[in-house]
Structures are given as structure tokens and as C-alpha cells.
Amino acid sequence: MLKNLVIVESPAKAKTIENFLGKDFTVKSSLGHIRDLSKKNLGIDIENDFKPKYEISPDKVKLVSELKKIVKNTDTVWLATDEDREGEAISWHLSEVLKLNEKRTKRIVFHEITKTAITNAISNPRKIDKNLVDAQQARRVLDRLVGFEISPVLWRKIKPSLSAGRVQSVAVRLIVEREKEIKNFKAVSSYKINGIFKIIKDNKTYLFKAELSKKFKEKNEALAFLESCKDSKFSVSDIEVKKTKKSPAPPFTTSTLQQEASRKLGFSVARTMQVAQKLYESGLITYMRTDSVNLSNLALSTAAKKITSAFGEKYVKTRKYKTKNTGAQEAHEAIRPSYIDRHSVDGDNAAKKLYELIWKRTIASQMANAEIDKTVVSIKGSNLKEKFVAKGEVIKFDGFLKVYLESSDDENTEEKKGLLPPFEINDIVFYNELTATEKFALHPPRYTEASLVKKMEELGIGRPSTYAPTISTIQKRGYIINETRLGIDRDYNYICLKNNEISQEIRKEKTGFEKSKLFPTDIGIVVNDFLCENFETILDYKFTAKTEKELDNIARGLKVWNKMIKEFYAPFHERVQKTLENAQRANGQRLLGKDTKTGKNIYVKIGRFGPMAQLGETEDEEKPRFAGLKKDQSIESITLEEAMELFKFPRTIGKYEDADLTVAIGRFGPYIKHKSLFYSIKKDDDPKLISQDRAIEIIEEKRKKDREKTIKTFEENETVKILNGKWGPYVSIKKKNYRIPKNIDPKSMSLNDCLELAAKSEKSKTKKPVRTKKTTASKKTTKTKKSKIVKTTRKKK
DNA sequence: CAGTGAGCGAGCTTCCGCTTGACTT
């Protein structure tokens with residue numbers, strides 16, 4: 001008989017805790033949620049007060065039965081899942097599924113993995129907070145209703161397999177709207193006046209930079225200003241010295257770690273999480289999915305000691321941070337090194353760099369403010385109304401700057417300010433060179449993955465565990481794309497006054513260069529516009545925040561969860577119905593103009609398989625021709641000429657082995673078709689110009705590669721092949737592939753061996769037949785629903 | 001991956017949050 005079983009969420013946590021608790025305690029982990037709403041249909045019984053239909057998640061079946069066995073022979077079960085809405089729900093699901101006896105079950109919580117925190121938790125057990133669990137159920141049910149009712153609307157009205165949800169749709173909206181802002185942005189220019197001045201002090205000459213406090217809108221004004229500088233006498237009119245302080249940034253949360261790793265190390269958010277997960281599993285850092293900036297007392301005192309020994313006592317300033325984010329649930333600590341004295345770790349480069357970043361940020365957060373003297377010196381000119389301003393900075397005490405400074409998202413970071421010469425009021429100065437540079441205003445910046453996460457966190461949408469997956473989902477659906485785009489050259493005016501002479505020139509600068517930024521796709525734009533028009537409340541940036549308030553009320557026992565859902569669902573479901581009945585098919589269609597050859601209209605729009613061009617009318621007897629857009633083309637920007645090019649395919653370019661050679665552009669780019677086989681055209685070949693000879697070359701190349709790939713074929717049965725692939729040799733039969741075990745030599749295999757291998761691996765895959773029964777039953781209901789919808793839409797037409 | 005753009009039409013797609021491996025043929 002086991003005395004105590006403790007269940008936590010994460011296996012890495014389980015290991016650590018087991019060490020703290022000693023022999024009488026066994027610690028297991030649930031690996032997150034063990035149950036979820038049924039995937040079939042909605043998984044919610046709407047008629048029956050929205051009763052959720054829970055099922056053990058397929059990947060947890062084994063784990064649950066194992067836990068059941070252990071529980072049978074255990075005195076006391078301690079539910080030690082995280083102290084937040086989801087954690088409370090996991091404990092409740094565990095107690096339901098494992099049929100835990102209330103008297104022998106205790107709920108405990110801790111926010112940090114330290115021995116004191118855990119022993120403290122053990123001596124202060126409580127019961128499961130059913131109100132908090134209900135808040136989670138409401139959250140879960142609402143998300144399912146939103147996702148599973150709106151997505152099918154998109155399948156009908158736009159394109160199959162699309163998706164919508166409380167979080168992802170708002171994330172897409174942010175990107176689409178930012179792109180619209182940028183499109184409407186007019187880059188007005190103004191003239192900025194910079195000067196290099198000279199001062200002679202104690203027989204020493206100093207040069208310094210200063211900038212005019214005013215910008216000029218027109219070139220003429222800038223010219224006139226420089227003209228008036230010619231005979232001006234310059235002198236120091238004002239000196240201002242300010243003592244300022246700079247504080248360190250708080251310790252990392254998931255969101256800020258993703259941002260800094262992106263800015264300082266160039267990691268994608270997914271990469272950051274992968275590397276952090278490894279560090280966590282090796283026990284090097286605390287939990288990496290957190291919204292808390294809190295550090296344990298143990299961490300605070302270790303940090304203070306470390307800073308004292310490394311830099312001295314005056315560099316220590318112990319700080320307790322509090323999160324400003326209202327949506328935070330703070331079940332964990334901030335992300336910090338497990339052992340703060342440990343400056344660096346072994347492992348790959350990425351792990352080392354990320355660990356160092358976390359170490360520095362944690363240490364810096366416990367260090368003294370930096371003290372900086374800022375000097376502002378004004379320079380007046382005898383003929384001038386406006387003054388030049390020179391700025392300087394002197395770091396009096398570096399404090400936390402000794403280890404770490406947070407980066408900024410702003411791309412045009414301020415120039416580094418240095419030391420200024422020893423000025424006194426009324427000192428005479430001379431200009432060396434004065435310039436007027438035409439500067440174009442910058443459009444609002446496009447989001448990077450990390451800055452999108454920052455924005456999502458501000459809006460309270462998504463959680464630390466979902467930021468990275470959400471970004472990958474909206475890319476997988478084809479709503480947005482992460483791209484680097486090269487800029488173009490732009491001319492700007494440059495005027496220079498030197499040696500009393502004004503010269504003008506036109507210079508070039510790069511504009512529009514975007515490195516790893518998020519752009520909406522055509523489909524993303526069409527889906528977003530459709531959702532904003534028809535589901536305004538869900539797409540509202542405040543929707544999640546409003547929902548959170550209601551969930552809070554449920555958690556505090558002020559509201560019953562399914563009542564809240566009912567109030568939401570009635571108008572929502574009506575909206576879904578109305579949209580299905582009334583909304584037009586959305587395809588983002590744009591008329592480009594008339595085809596010069598046929599005189600027919602050319603349109604671009606979203607088709608079943610993505611953006612396409614259409615030549616002719618759908619209503620015409622002679623059906624229109626279609627052509628998919630190329631990858632770098634978009635409905636928004638494609639021109640009539642570019643669209644006409646697309647209809648030049650497929651074209652026959654010659655013959656080879658008595659069969660036609662045709663060139664066409666397909667879903668995966670341009671290709672050559674020959675004897676019903678396909679050969680991709682290489683990037684540097686132009687499909688419009690490609691010759692017969694080159695096409696034959698490509699075909700032969702591909703044939704050679706295929707030969708090299710083939711290990712063995714059988715004359716008796718040509719569908720069976722033994723091939724060499726990325727992961728080693730495998731058997732290919734029609735379209736199915738089967739791996740060859742390592743102990744078998746592929747060359748020695750007979751046809752029979754291959755067929756046997758295939759039969760064996762087919763057998764081992766038998767997991768799904770249980771499901772088919774139920775799905776056939778559910779098919780009927782969905783079918784009738786669909787046919788109803790079809791009828792209503794047809795009536796409207 | 002597969003080179004399409006529909007209506008005789010099967011059956012499927014989809015949400016958000018918690019957690020890790022397993023394993024690609």
C-alpha cells in the first residue's frame with residue numbers, strides 16, 4: 001500500500017518534487033489535461049444546459065489506466081496541479097476520472113518549486129474549487145462553440161478547411177489591419193537639419209553634433225534656412241544638466257522571453273520555446289510557460305549574494321516585481337535559472353545563448369539603477385529664430401547596465417550620445433558643416449512573430465502555452481505568411497552648407513526592406529473581412545477581456561457557468577444562422593480588365609484551391625478558363641498584364657520519345673508534363689522561354705535521380721518497389737510506404753517479403769475501426785443540416 | 001503533397017489550453 005500519491009502536471013516538476021518529499025511520497029504527472037470535449041460533432045449537449053461530453057484524450061488513455069491502478073492502492077492522493085483555472089480543472093477531471101474518494105483526496109498548490117514552498121503546501125491542503133473549475137468549463141465550452149460553429153460557415157462561404165476562433169481570428173485581424181494602415185499610409189517627407197560644429201577651448205579644438213529643433217516641410221524653406229546660416233554667428237545660449245535614472249526590466253515571462261530572444265538572438269517564437277523546453281527538462285531553468293514576473297525568496301537572496309561577490313554591494317538592489325497584466329494567472333515563477341550562481345551551461349549554441357540571456361536578465365533585475373547625467377546644450381545663431389540642440393550623456397553609475405540592457409522594437413534607434421565638450425554659456429562656436437536631409441515618415445511597423453505575441457498579451461488573448469502554436473496555426477491555414485522582403489531604392493534630397501557654399505544632390509536610400517515580418521495573404525484578408533462583417537462581437541479586440549470578466553464572476557461564485565454560456569449562445573447562434581442564409585459567397589473578386597486576345601474580362605478571386613485568375617464569365621455558355629496565381633502574386637496587387645501571362649499556359653514546346661512536351665504552372669510552381677509524368681522546372685529556368693532541349697535535360701536528370709533512389713523492382717508486380725529515402729530504405733506499394741527494419745538487407749528481399757511487411761504494418765495500425773460506427777450514426781444528422789442550408793441559399797438566388 | 005477551379009456526389013475539415021514524446025517510409 002502506497003502512503004501518498006502526488007499528481008502534478010509536468011514530469012520534470014515531478015522529479016524535482018519527489019526529491020523534496022522523501023520516501024513516503026510517490027509523484028506522478030498528468031501531462032497536462034487528461035480529458036477534453038469529444039471531437040465528434042460539437043461535444044456539447046446544447047439542449048441539456050450545455051452539458052459537456054468529455055472523453056479521455058487518446059494519448060492519455062494509457063496514463064489514466066496506470067494512474068487508476070496506483071490510486072487503488074494508495075492512502076492519500078494529493079492533487080498538485082497548477083494554481084490557475086486550467087490547473088484546477090485538471091485536478092477536477094482527475095478526481096472524476098480516477099473516482100477519488102473525497103476524504104482521502106487533498107488539493108495543494110505552490111507557485112515555486114522550492115522545498116519550503118512544497119512542505120508549506122502539504123501542511124495547508126484544501127478542496128477543489130468547483131467555481132474555478134466551472135469558469136474553466138465555461139471557457140472551454142465557449143471556445144468550442146465559437147470555433148466549431150463559425151469554421152463551417154467559412155467552409156461554405158469561402159473555402160473548405162478554414163478555421164476561426166476567439167484567439168486566432170483576432171491575431172489575424174491585427175495583421176490584416178496593420179497592412180491596411182500601411183497601404184493607406186502616405187509617406188510625407190520633411191527636412192531635418194543637422195550640424196557639425198566646432199569649439200575651441202584652452203587651445204583645443206572639439207567637434208560636436210547638433211540638430212535643429214525644427215523640421216521644414218518644403219525644400220525651399222530648408223534652402224532659405226541654410227542661406228540665413230551663412231552669415232550667422234553661433235554661440236552657446238543654454239546648458240541644462242539633468243540627473244536621470246534607469247531601471248532594469250523585470251525578469252522574463254514567456255512573452256518577454258520570446259520578444260528578447262527574437263530581437264537579440266533572432267529566434268522565432270517556436271525556436272525559443274523549443275530551446276527553453278530543453279533547458280527546463282535538464283533542470284537548468286524554471287518553467288518556461290508563465291505570465292508571472294515573481295521570483296522566489298530563495299532566488300532573490302541567491303541573486304543578491306552573486307551580485308555582491310561579482311560586482312560589490314552597491315550594485316545590489318533586491319526588487320519584488322508585480323505583474324501589470326490584468327489577465328495574468330501567475331501559477332508559476334518568472335523564467336529564471338534554477339541555480340542563479342550558475343553563469344553558463346553546456347549544450348548547443350542556442351541553449352547556451354538563451355540561458356545566458358535568462359541569467360543576465362534575472363541578475364540585472366536585482367541590480368541597482370543606473371545613474372545617467374543628461375546634458376542638453378542650446379546653440380543660437382544671430383540670424384536665426386530656431387536653435388540647434390546638442391545632447392550628451394554621461395553614465396555616472398552603471399548599475400544593472402553592467403550586465404544587461406533590454407532591446408527596443410524601434411528599428412531606427414537613437415544615435416549613441418556621447419560626451420560633449422566642456423561648454424560655458426556664451427561660448428562662441430562655428431559651423432563646420434550644416435546639412436538638410438529629406439526624411440520620409442515611417443509607416444506603422446509590420447508585426448514580427450514576437451511583437452504580435454506582445455500585442456496579443458496586451459489584449460489578453462492567448463496564454464503562454466499557446467502563443468507559439470497560435471502563430472503556427474494561422475500560418476498553416478494560409479492566413480498570414482512570415483517573409484523577408486527586399487526593399488526598393490528611393491531618391492531623397494540632400495543639401496549641404498560648407499565653406500559658405502550651398503550644394504545640392506539627390507541621394508538614394510533603401511526603403512521597404514522587411515526582415516521576417518508577418519504579412520496577410522489574400523485568403524487571410526478575405527476571411528478577416530468576412531468575419532469582421534458578420535461576427536463583429538467575436539472579432540472585437542475587447543471580446544476576450546469582456547469574457548474574462550464574466551469568467552471571474554463564475555470563479556467567484558457570482559454567476560452560474562451555463563447561464564453565462566446560454567446568454568452568449570442565443571444571439572451568437574442566431575448570427576451564425578443568419579450569416580449562413582444571407583451572406584454572399586466571399587471571394588475577394590477583382591475585375592482587372594479585358595484580355596487583349598479574346599476581349600473577355602479577366603478577374604482574380606479566391607477559388608477552391610486558393611487565389612486564381614478567371615478569363616470569361618461564369619454565366620457564359622462557354623465555361624471560363626482558370627489559372628492559379630503564382631506564389632509571389634496576390635489578388636490585391638496583380639496587374640492585367642501579369643494575369644494575361646498566366647493564360648499562356650499550358651503550352652506545347654516540342655516532342656520527346658514520340659510524346660508531347662507541355663509546360664504548365666501548377667500548385668507547386670511551373671512543371672513539364674511528359675507521358676503523364678510531371679517534372680518540376682528549376683528556379684532559374686523561365687517557363688515562358690524554356691526550350692525543348694532544356695526540357696529533355698530536366699527529364700533525364702529526374703530519371704537519373706529516380707534510378708538512384710530505386711534499390712529493387714519486381715517484374716511480376718510493378719507496383720511494388722524498394723526505394724531509398726530520407727530515413728533509409730523502404731517499400732513502396734502504390735501510394736503507401738512501409739519502413740524496412742534495420743536488421744533486414746533491402747537488396748535481399750523478395751516480392752513476398754515486401755508484401756508480408758506491408759500486411760504486418762497495416763495490422764499494427766488498427767486503432768480506428770471502433771470510431772467508424774459512431775461516425776456513421778452522426779453522419780446522418782450533419783447531412784440533413786447541410787441539405788437544409790443548401791436549400792435556403794438556393795432560394796435566395 | 002500532385003498539377004484542380006464542380007453541384008449524381010462520399011466524407012472530411014474546425015476551437016483553446018494543459019502537457020510531452022514518438023516517429024516519420
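In what follows, chains carry the letters A, B, and so on, assigned in the order in which the sequence lines appear, proteins first and then strands, with residues in each chain numbered from 1. Treat the numbers as computed from the prediction; the structure is a model and nothing was measured.
If you check every strand for non-hydrogen atoms under 4.0 Å, A/Y467 touches nothing. Among the protein residues, A/F649 comes within range of no part of the nucleic acid, since none of its heavy atoms lies under 4.0 Å from any strand. Residue-level contact check: A/E149 touches neither bases nor backbone, having no heavy atom under 4.0 Å from any strand. Across all strands shown, A/P152 has heavy atoms under 4.0 Å from base atoms, whether or not it also approaches the sugar-phosphate. Contacts of A/K673 with the nucleic acid, taken as non-hydrogen atoms under 4.0 Å apart, are absent. Across all strands, A/L37 comes closer than 4.0 Å to no nucleic acid atom at all (heavy-atom distances). At a threshold of 4.0 angstrom between heavy atoms, the contacts of A/Q168 are confined to the sugar-phosphate backbone, with no base atom among them. Across all strands, A/G87 comes closer than 4.0 Å to no nucleic acid atom at all (heavy-atom distances). Within 4.0 Å of A/T466, counting heavy atoms only, lies at least one base atom of the nucleic acid. A/D82 comes within 4.0 angstrom of sugar-phosphate atoms only, judged by non-hydrogen atoms across all strands, and of no base. Contact annotation for A/G165: backbone-only contact, meaning every heavy-atom pair under 4.0 Å involves sugar-phosphate atoms and none involves a base. In this structure, A/R166 reaches the sugar-phosphate backbone alone: every heavy-atom distance under 4.0 Å involves primed, P, OP1 or OP2 atoms, never a base. Within 4.0 Å of A/R35, counting heavy atoms only, lies no atom of the nucleic acid at all. At the heavy-atom level, A/A12 lies nowhere under 4.0 Å from the strands shown.
Nearest-nucleotide positions on DNA chain B for A/I665 and A/V146 put A/I665 closer to the 5' end. Looking at which nucleotide of DNA chain B each of A/T470 and A/S680 is closest to, the 5′-most match is held by A/S680.
Taking the ring axis of A/Y541 as reference, the NZ or CZ atom of A/R173 stays within 45° of it and closer than 6.0 Å to the ring centre. Taking the centre and axis of the six-membered ring of A/F148, the NZ or CZ atom of A/R144 falls inside the cone set by 45° and 6.0 Å.
Close to B/dC18, at under 4.0 Å from its OP1 or OP2, lies no side-chain N or O of A/R289. The shortest distance between the side-chain N/O atoms of A/S465 and the OP1/OP2 oxygens of B/dC18 is below 4.0 Å. The phosphate of B/dC15 (OP1 or OP2) has no side-chain N or O of A/S151 nearer than 4.0 angstrom. Contact check, A/S10 against B/dT20: a side-chain N or O comes under 4.0 Å of OP1 or OP2. Listed pair A/R477 / B/dC15 meets the phosphate criterion, a side-chain N or O lying under 4.0 Å from OP1 or OP2.
Between A/Y280 and A/Y287, the angle of the ring planes goes over 60°, which puts this pair in the perpendicular group of the 30/60° scheme. Using a 30° and 60° split on the angle between ring planes, A/F568 and A/F543 fall in the tilted class, from 30° to 60°.
Taking atom NZ of residue A/K476 and atom P of nucleotide B/dC1, one finds them 16 Å apart after rounding to whole Å. Rounded to whole angstrom, the span from the CD atom of A/E9 across to the P atom of B/dG21 amounts to 15 Å. Rounded to whole Å, atom C1' of B/dG17 lies 14 Å from atom CG of A/L31. Going from atom CD of A/Q137 over to atom P of B/dC18 covers 16 Å, rounded to whole Å. Between A/I606 atom CD1 and B/dA6 atom C1' the separation is 18 Å, expressed in whole Å. Rounded to whole Å, atom P of B/dC16 lies 14 Å from atom CZ of A/R85. Distance CG (A/D291) to P (B/dC18): 9 Å, rounded to an integer number of Å. The separation between A/Y671 atom OH and B/dG3 atom P is 8 Å, rounded to whole Å.
Between A/E86 and A/R140 there is no side-chain heavy-atom pair separated by less than 4.5 Å. Between A/T254 and A/M273, some side-chain heavy-atom pair lies under the 4.5 Å cut-off.
There is no side-chain donor-acceptor pair under 3.5 Å between A/T286 and A/E333.
Comparing B/dT19, B/dT20, B/dC16 against the side chain of A/H332 picks out B/dT19 as the nearest. The side chain of A/R139 lies closest to B/dG17 when the candidates are B/dG3, B/dG17, B/dG5. Ranking B/dT19, B/dG17, B/dT13 by closeness to the A/R463 side chain, first place goes to B/dG17. Nearest to the side chain of A/F609, among B/dG17, B/dC18, B/dT4, sits B/dT4. For A/K60, the side-chain atoms get nearest to B/dT19 when compared with the rest of B/dC15, B/dT19, B/dC16. For A/F626, whose side chain is taken as the heavy atoms from C-beta onward, the closest listed nucleotide among B/dT20, B/dA6, B/dC16 is B/dA6. The side chain of A/D143 approaches B/dC16 more closely than any other nucleotide in the set B/dC16, B/dC18, B/dG21. Distance from the side chain of A/Q277 is smallest for B/dT20 among the nucleotides B/dG17, B/dT20, B/dT19. Distance from the side chain of A/H33 is smallest to B/dG17 among B/dG3, B/dC15, B/dG17. Checking B/dC18, B/dT13, B/dT19 against every side-chain atom of A/S161, the shortest atom distance belongs to B/dT13.
Put simply, the side chain of A/R140 and the base of B/dC15 share a donor and an acceptor less than 3.5 Å apart. Residue-to-nucleotide contacts include no donor-acceptor pair under 3.5 Å from the side chain of A/R144 to the base of B/dC16.
For A/F148 and B/dC15, the ring-to-base geometry does not satisfy the stacking test (centroid distance below 5.5 Å, interplanar angle below 30°).
Distance alone, capped at 3.5 Å, is enough to place a donor-acceptor pair between the A/Q614 side chain and the A/G616 backbone.
B/dT20 and B/dT24 have their P atoms separated by 23 Å, given to the nearest Å. Annotation: B/dA6 and B/dA10 have their C1' atoms spaced 15 Å apart (nearest Å).
Around NZ of A/K278, the count of heavy atoms belonging to other residues, nucleotides or ligands within 6.0 Å does not exceed 12.
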